[in-house]
Amino acid sequence: MTEKKSVRPAEAAALLGVCRDTVYVLMRSGRLRSVKLGRARLIPIAAIDDVLSANEEAAA
């Protein structure tokens, strides 16, 4: 089985430990990259890692 390269907003919320609305706020602010494929909004796993890394650096 191949590893997922992107997730939907609800899955991203679970990975980040926030609600889905927060994911949409992060996307609108440009802090969380996403792509639109057809009607689906997808968030690359790398973008989630970037958000977590940025928050770790800000907290340090």
Side-chain angles (χ1 to χ4, degrees):
M1 184 172 163
T2 61
E3 199 172 319
K4 282 186 168 185
K5 295 186 189 258
S6 63
V7 294
R8 292 181 180 263
E11 294 172 283
L15 291 171
L16 290 168
V18 299
C19 69
R20 194 176 61 122
D21 290 341
T22 301
V23 169
Y24 283 103
V25 168
L26 290 169
M27 287 190 295
R28 276 194 300 274
S29 71
R31 292 178 54 201
L32 181 60
R33 292 181 289 114
S34 67
V35 294
K36 187 151 182 167
L37 255 72
R39 295 178 62 189
R41 178 64 65 178
L42 299 173
I43 301 154
I45 296 295
I48 294 170
D49 292 339
D50 291 346
V51 167
L52 292 173
S53 296
N55 284 341
E56 282 179 0
E57 291 170 11

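We count residues from 1, following the sequence as given. As a basis for the values below, the full set of heavy atoms in this structure was taken, side chains included, without hydrogen atoms, waters or symmetry mates.
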**From CZ (R41) to CE (M27), nearest 0.5 Å** = 6.0 Å

**Fill in**
Nearest heavy-atom approach of S34 to P44 is CA-CD, 4.2 Å

**Complete:** D49 meets the salt bridge (charged side-chain N to carboxylate O under 4.0 Å, His left out) criterion, sequence neighbours left out, with none

**Asked** Going from CG on L16 to OG1 on T22, what distance comes out if it is rounded to the nearest 0.5 angstrom?
**Response** 9.5 Å

**Prompt:** With side chains defined as the heavy atoms from C-beta onward, is the minimum distance between I43 and R33 less than 4.5 Å?
**Reply:** no

**Prompt:** Are V18 and I48 connected, step by step, through hydrophobic side chains (Ile, Leu, Val, Met, Phe, Trp, Tyr) whose heavy atoms are closer than 4.5 Å?
**Reply:** yes

**Message:** Membership question, hydrophobic clusters at under 4.5 Å side-chain separation (ILVMFWY): are L52 and Y24 in the same one?
**Reply:** yes

**Request:** Flag yes if L42 and V23 sit in one hydrophobic cluster, no otherwise; membership is Ile, Leu, Val, Met, Phe, Trp, Tyr, and two members link when side-chain heavy atoms are under 4.5 Å apart.
**Result:** no

